[in-house]
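The structure appears below as structure tokens.
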Amino acid sequence: MIRNCLSLRPACRGARSVLPRSKISLLGTHQATTRLAASLYSSTSSPGPSRFYSVASTPASPLTPRQRLSATRSVRPRRNQTPVRYCSYRNHKMCRTQAQADVASGVNIQGRELLPTNVIPKHYHITLEPDFQKLTFDGTVVIDLDVEEDSKSISLHTLEIDIHNAKITSGGQTVSSSPKVSYNETTQVSTFDFDNAVNKGAKAQLEIQFTGQLNDKMAGFYRSTYINPDGTQGLLAVSQMEPTDARRAFPCFDEPSLKAEFTVTLIADKKLTCLSNMDVASESEVKDGKKAVTFNKSPLMSTYLVAFVVGELNYIETNDFRVPVRVYAPPGQNIEHGRFSLDLAAKTLAFYEKVFGIEFPLPKMDQIAIPDFAQGAMENWGLVTYRVVDLLLDEKVSGAATKERVAEVVQHELAHQWFGNLVTMDWWDGLWLNEGFATWASWYSCNIFYPEWKVWETYVTDNLQRALALDSLRSSHPIEVPVKRADEINQIFDAISYSKGSCVLRMISTYLGEDVFLEGVRRYLKKHAYGNTQTGDLWAALGDASGKSVEEVMDVWTKHVGYPVVTVTEKDEKTIHVKQNRFLRTGDVKPEEDKVIFPVFLGLRSKDGIDESLTLDKREDSFEVPSTEFFKLNANHTGLYRTSYTPERLEKLGEAARQGLLSVEDRAGMIADAGALASSGYQKTSGVLTLLKRFDSEKEFIVWSEIISRVAAVQAAWIFEDKAVRDGLEAFQRELVSPRAHEMGWEFSESDGHIEQQFKAMLFGNAGLCGDEKIIAAAKEMFKKFIAGDKSAIHPNIRGSVFSIALKYGGTEEYDAVLNFYRTSTNSDERNTALRCLGRARSPELIKRTLDLLFSGEIKDQDVYMPTAGLRSHPEGIEALFNWMTENWDELVKRFPPQLSMLGTLVTIFTSSFTKREQLAKVEKFFEGKNTNGFEMSLAQSLDAIRSKVAWVERDGEDVAKWVKDNKYSA
């Protein structure tokens with residue numbers, strides 16, 4: 001799944017701001033200016049190691065995934081809550097024995113809210129009939145069960161479902177036609193009790209008739225609205241199950257390890273299209289002139305991958321792949337805008353079949369654009385669902401960054417068809433196995449398909465920095481994070497599971513070699529096809545392919561929070577000394593937080609090339625190098641750590657960069673490290689600003705994006721400081737960026753390459769927003785012509801920048817024009833750009849109008865965060881956001897229930913841009929005494945981000961003020 005949520009990182013390239021929150025981040029595809037983006041970086045993104053058993057301690061008769069999960073299931077009931085039966089005493093004895101073995105091998109899964117293991121689902125037949133008038137759906141589910149122990153009850157998950165009746169049969173006989181039904185609201189479990197036991201080893205069948213809500217929460221089986229070409233409103237019934245919302249659509253055993261086969265029947269008007277994971281088996285006429293569409297039985301899969309769609313849809317199809325591939329969209333969308341995604345999907349599926357060594361196992365692949373969608377996309381097996389803007393691409397009105405975003409999302413979701421769907425983590429603490437790999441695979445495949453995009457260069461300033469940024473907070477979490485409750489699961493779809501997970505895979509692929517790494521992946525997928533796995537299973541396959549102790553090396557990275565900063569000193573002309581310590585952005589690491597020793601792949605670059613053999617596997621050590629005249633650690637920044645050099649070595653590396661001795665990744669990564677180390681107190685901020693000033697002759701887009709990001713991070717931290725200092729930093733940015741912006745220009749032609757387009761756009765936007773008068777004048781002229789009706793006056797690559805400049809330096813007239821453009825455009829990318837820019841307007845009246853839009857009904861709930869983006873670029877907007885949140889908190893919680901993902905994202909947006917102690921206290925006081933379940937990670941990370949900026953400014957405030965004055969950027 002791709003999260004479409006708040007990004008950690010500056011969205012310099014626009015395309016790769018994942019969600020995660022993810023599942024890619026909330027800034028999505030817009031051409032964000034880097035100052036705003038850096039305010040996001042310096043705030044935060046939305047989010048003890050756990051495992052079941054190590055490969056070394058696997059029993060002689062391996063446990064099934066279900067048995068692994070059965071250990072230590074009992075959960076202490078909350079006060080005044082009816083206890084839930086997690087397992088019988090007989091089963092508990094078995095569980096306890098296994099739990100003792102697990103504890104011995106360092107495993108702790110106590111406290112998970114899991115279903116009893118007395119029955120196992122094997123097959124579901126789901127029949128659903130949506131009612132578009134009542135906004136409900138009627139359903140029947142028949143679940144075939146294997147009985148694992150004598151049972152007088154069956155428990156499964158339901159949420160916001162009314163159960164009308166149920167029947168239990170076994171061996172052709174009715175066991176109970178009216179079992180007693182009880183419900184535990186806390187655990188979302190319905191229990192069916194009956195008098196006559198079903199014996200161990202028997203087959204049973206549970207049939208339930210129920211009604212559910214076609215809700216507007218973008219979860220479960222829900223409704224989505226769109227505008228028809230004639231202006232009327234249309235309605236779709238669509239689904240989003242991951243992580244734990246299948247239980248909103250039908251009663252089920254809603255845990256990833258409980259795979260089953262699914263047969264789906266959808267009943268709807270004859271004119272409507274019905275889609276599910278599989279192809280159609282039959283279609284028949286039923287009552288009231290409706291049709292019943294039954295789909296072929298699915299392979300074994302988890303409940304979170306089940307999908308269905310009912311509504312009016314158009315489609316395009318290609319037969320360029322072994323099975324049919326389609327793109328669907330509702331009326332009102334130009335279906336031809338799905339052509340890029342369609343063709344890319346067919347090529348990517350064929351590519352993945354070759355790379356993974358396993359054929360795509362389903363008979364078709366559908367992709368559909370959903371008008372209301374909380375995520376960026378969702379990998380439902382055979383029926384991938386997307387936000388409109390992440391699937392449909394109009395290259396006439398969208399820029400290069402949007403195209404790159406669409407490519408990444410499509411390739412991410414298709415990677416999941418193998419990694420996640422065919423082979424699935426057995427519990428949510430293994431989420432990174434799905435998301436980390438799909439993220440890595442999307443970059444890997446994108447690099448193969450579009451080598452001119454140079455995505456691995458971008459990776460260093462995007463995914464790597466996003467991972468390092470979130471994981472530098474005390475409130476971060478391990479890649480394998482213990483998850484107990486359903487409302488905790490949504491919170492780990494973040495930069496740790498996605499970005500850090502993919503970085504770990506990139507690191508191990510470099511360590512093993514790409515060919516060996518992919519051979520290990522193939523072995524992993526073939527061995528565990530249609531099953532469930534843990535992280536150790538992947539390490540075992542990679543170890544088997546490589547002959548190396550992969551698990552021993554990599555366990556530290558996945559089971560522990562954080563990463564090290566490696567401090568480098570020089571002992572003599574051929575020896576360096578390196579030492580590792582835990583890195584925290586707040587710069588206040590405690591001894592007890594600095595006990596983990598990471599295996600650090602040093603990746604030594606010298607004039608002799610790159611030596612990948614050196615590993616720091618202790619606190620500190622010395623290493624020989626060819627010469628200390630020129631060396632750099634973490635070549636191409638494939639390692640997950642920061643490197644701290646002496647000021648003298650940093651100066652030499654700057655000279656080496658000018659001489660062409662460092663790769664693009666090295667130069668960008670070195671700047672990123674320097675900026676991060678300054679923010680945490682390892683270096684003075686003035687030293688970093690001086691370093692950036694010396695890069696004024698840099699030629700590469702990626703390096704420039706990181707330069708701008710680091711200046712912007714300082715601006716974001718100093719946003720509430722003295723105006724003279726803020727103006728001085730803006731003047732410095734202008735001096736840095738404007739000459740290159742003028743040199744490259746802002747005219748676009750067919751001959752411009754993909755990267756050149758983004759380079760021009762980035763420089764234009766940043767120079768204009770930091771006060772370049774020539775660019776401001778040009779932007780105003782373009783804006784005037786555009787609003788007058790000349791839509792060609794603004795190139796799509798700079799539409800967001802022109803709007804932002806017009807709003808920042810304009811007034812009500814410009815605001816009304818941009819808002820009207822949002823209201824009249826039919827293109828999702830254009831509308832999103834307009835929404836994201838509105839907050840640039842700073843007058844109190846216009847800030848209020850922007851905030852009033854959030855609950856006006858004019859903006860879809862999926863887009864409610866968008867108008868807030870521009871508000872985070874100025875002090876007035878940041879204060880107004882927090883005040884609005886406090887005044888509208890009850891409505892926020894009502895619209896965005898905490899167990900879903902959006903509320904945590906909004907809390908981050910509304911709070912994390914603060915930089916002062918008194919502001920921190922204000923946020924803490926507001927949430928004091930409130931139930932924060934469902935967004936406690938987001939809140940903790942926001943508070944940590946504020947603390948880091950408070951400490952940074954208090955530590956280096958005078959240093960930056962002096963540097964600005966000494967360099968004549970302020971009086």
Establish, from distance only, whether the side-chain atoms of [X] and [Y] form a donor-acceptor pair under 3.5 Å.
X      : Y      : value
Asp944 : Ser475 : yes
Thr535 : Glu480 : yes
Ser913 : Arg872 : yes
Ser476 : Asp471 : yes
Ser948 : Thr586 : no
Asp426 : Gln534 : yes
Ser190 : His157 : no
Thr191 : Ser155 : yes

Decide side-chain contact (heavy atoms from CB on, under 4.5 Å) for Tyr124 and Phe253; before the verdict, give the C-alpha distance in whole Å, the side-chain angles of both, and the deciding distance to 0.1 Å. CA-CA 10 Å; Tyr124 296 77; Phe253 297 77; 3.4 Å; yes
Determine whether Phe373 and Thr385 satisfy the following criterion, side-chain contact (heavy atoms from CB on, under 4.5 Å), listing intermediate values before the conclusion. CA-CA 8 Å; Phe373 201 70; Thr385 45; 3.3 Å; yes
Got a salt bridge between Asp429 and Lys484, using NZ or NE/NH1/NH2 to carboxylate O under 4.0 Å?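 Looking at Asp429 and Lys484, the cut-off is not met.
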Side-chain ion pair, Asp852 and Arg849, N-O less than 4.0 Å: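 Looking at Asp852 and Arg849, the cut-off is not met.
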For the CD atom of Glu379 and the CD atom of Glu242, what is their distance to the nearest 0.5 Å?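 Going from CD on Glu379 over to CD on Glu242, the span is 5.0 Å.
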If you compare all heavy atoms of [X] against all heavy atoms of [Y], which two are closest, and at what distance to 0.1 Å?
X      : Y      : answer
Tyr865 : Gln862 : CE2-O, 3.1 Å
Thr136 : Gln213 : CG2-OE1, 3.9 Å
Ser942 : Thr908 : OG-CA, 3.4 Å
Leu115 : Leu258 : CD1-CD1, 4.5 Å
Asn434 : Gly420 : OD1-CA, 3.3 Å
Trp427 : Glu113 : CH2-O, 4.5 Å

List the steps, then state whether side-chain contact (heavy atoms from CB on, under 4.5 Å) holds for His416 with Asn380. CA-CA 9 Å; His416 273 309; Asn380 314 300; over 6 Å; no
Can we call the ring centroids of Phe210 and Phe250 under 6.0 Å apart?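 No, ring centres 6.0 Å or more apart.
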Show, in sequence, the C-alpha distance, side-chain angles and deciding distance for Trp432 and Phe493, and conclude whether the ring pair (Phe, Tyr, Trp, His ring centres under 6.0 Å) test is met. CA-CA 9 Å; Trp432 86 277; Phe493 285 85; over 10 Å; no
Just jot down the side-chain contact (heavy atoms from CB on, under 4.5 Å) partners of Lys180, sequence neighbours excluded, or say none.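 side-chain contact (heavy atoms from CB on, under 4.5 Å) check on Lys180 returns Asp193.
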Can you sort out the partners of Arg223 under salt bridge (charged side-chain N to carboxylate O under 4.0 Å, His left out), two or more places apart, ordered by chain and number?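 Here the qualifying residues are Asp216.
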Using the test salt bridge (charged side-chain N to carboxylate O under 4.0 Å, His left out), find all partners of Asp138 that sit at least two apart in sequence or belong to another chain.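 Asp138 satisfies salt bridge (charged side-chain N to carboxylate O under 4.0 Å, His left out) with no other residue.
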Students often mix this up, so state it plainly: with edges at 30° and 60°, are the rings of Phe935 and Trp889 parallel, tilted or perpendicular?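 It falls in the perpendicular class, over 60°.
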Cut-off 3.5 Å, no hydrogens considered: what does the side-chain donor-acceptor table look like for residues 877-888, sequence neighbours left out?
from	atom 1	to	atom 2	distance (Å)
Glu879	OE1	Lys922	NZ	3.2
Glu879	OE2	Gln919	NE2	3.2
Asn883	ND2	Glu879	O	3.3
Thr886	OG1	Asn883	O	2.8
Asn888	ND2	Trp884	O	2.8

Between Lys949 and Glu954, does a salt bridge (Lys or Arg N to Asp or Glu O under 4.0 Å) hold up when you go through it step by step? CA-CA 8 Å; Lys949 287 179 284 186; Glu954 289 181 351; over 6 Å; no
Contacts of type ring-ring contact (aromatic ring centres under 6.0 Å, His included), residue Phe896, not counting sequence neighbours: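 So Phe896 forms no ring-ring contact (aromatic ring centres under 6.0 Å, His included) with any residue.
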Only counting residues at least two apart or in another chain, list the ones meeting side chain to side chain donor-acceptor pair (under 3.5 Å) with Thr244.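 Thr244 satisfies side chain to side chain donor-acceptor pair (under 3.5 Å) with no other residue.
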Lys930, NZ: over 12 other non-hydrogen atoms inside 6.0 angstrom: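 Above 12, so yes.
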If you apply the rule ring pair (Phe, Tyr, Trp, His ring centres under 6.0 Å), what do you find for Tyr563 with Phe583, and how did you get there? CA-CA 6 Å; Tyr563 59 88; Phe583 178 79; 5.7 Å; yes
